[in-house]
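As the structure lists them, so they are numbered: ligands from 1, and atoms in each ligand from 1. Here, residue 1 is the first one in the sequence, and each next residue gets the next number. Both backbone and side-chain heavy atoms feed into the values below; hydrogens, waters and symmetry mates do not.
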Amino acid sequence: MYGGFMIITLIMGAIGGLVGKVLQSRMTKYAQTPIQSGVSGKEVAQQMLQHYGIHDVQVVEGQGFLTDHYNPKTKVVSLSPPIYQGQTVAAVAVAAHEVGHAVQHAEAYGFLQMRSAIVPLVQFSSKFQQFALMGAFMTVGAGSTFGDMAMLACIGLFAITALFSLITLPVEFDASKRGLAYIDNAGIVQGEEYTGAKDGLKWAAMTYVAAALSAIVMVLYLVMRFAGNNRRR
Ligand SMILES: [Zn+2]
């Protein structure tokens, strides 16, 4: 069981790493592609919030690269320096995407609410996943009730992670859709600038797709092993 688990972890890790590399290179390129309208990420964020009548969300400058996020608890859109200050394709695309999350929050978008609701469950499950896995590895093939229980615990805990990563997908795709529609309609990007913004956000979404795929494969693998163990008995 351990060998198969390691192979899956490695393959899925490699796919995730590859997608992350593409995202990084695309975003680096688009962060160096200026837009004609000359609007900065900060300005796009503020204008979009205003457009949607949202007055209780702050836009602040964070640190690092690709660390941009919206925090629903503090109602803060945090943009990394190249996004906050930049007047580039990446800056306006990412800023509008993050405000897309703030708009989802303001409109009580269903998938965002579901996602927030299961966060405590995900934190609980990630704490116990490793223990459950160890238990399952140690008791595999023992044919014991304890082995079955450890395996079922594993499946349950990994299923929570998979569910969370699945619910994340519509949340991310929807935020990009809202962001892109805004920067297009407001005339912030034009022609190839829009194509670039769409491409950058597509690769950002792909990292979430890779994570969801990895989580689902993991659950399927555990279920197959569990079924296999019980058939052999
Ligand atoms: Zn997002």
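Among the atoms of Glu98, no N, O or S atom is found under 2.8 Å from the Zn ion (ligand 1). The Zn ion (ligand 1) has no N, O or S atom of His69 under 2.8 Å away, backbone or side chain.
At a cut-off of 3.5 Å, with distance as the only test, a side-chain donor of His97 or His101 sits close to an acceptor on the other residue.
Residue Phe131 places its CZ atom among 12 or fewer non-hydrogen atoms of other residues, nucleotides or ligands, all under 6.0 Å distant. Summarising the local packing, CZ of Phe226 is surrounded by more than 12 heavy atoms from other residues, nucleotides or ligands at distances under 6.0 Å.
Seen from the ring of Tyr52, Arg178 does not count as a face-on cation partner, given the 6.0 Å and 45° thresholds.
Distances from the Zn ion (ligand 1) to each N, O or S atom of His101 single out NE2 as the nearest. No other N/O/S atom of Glu172 lies as close to the Zn ion (ligand 1) as OE1 does.
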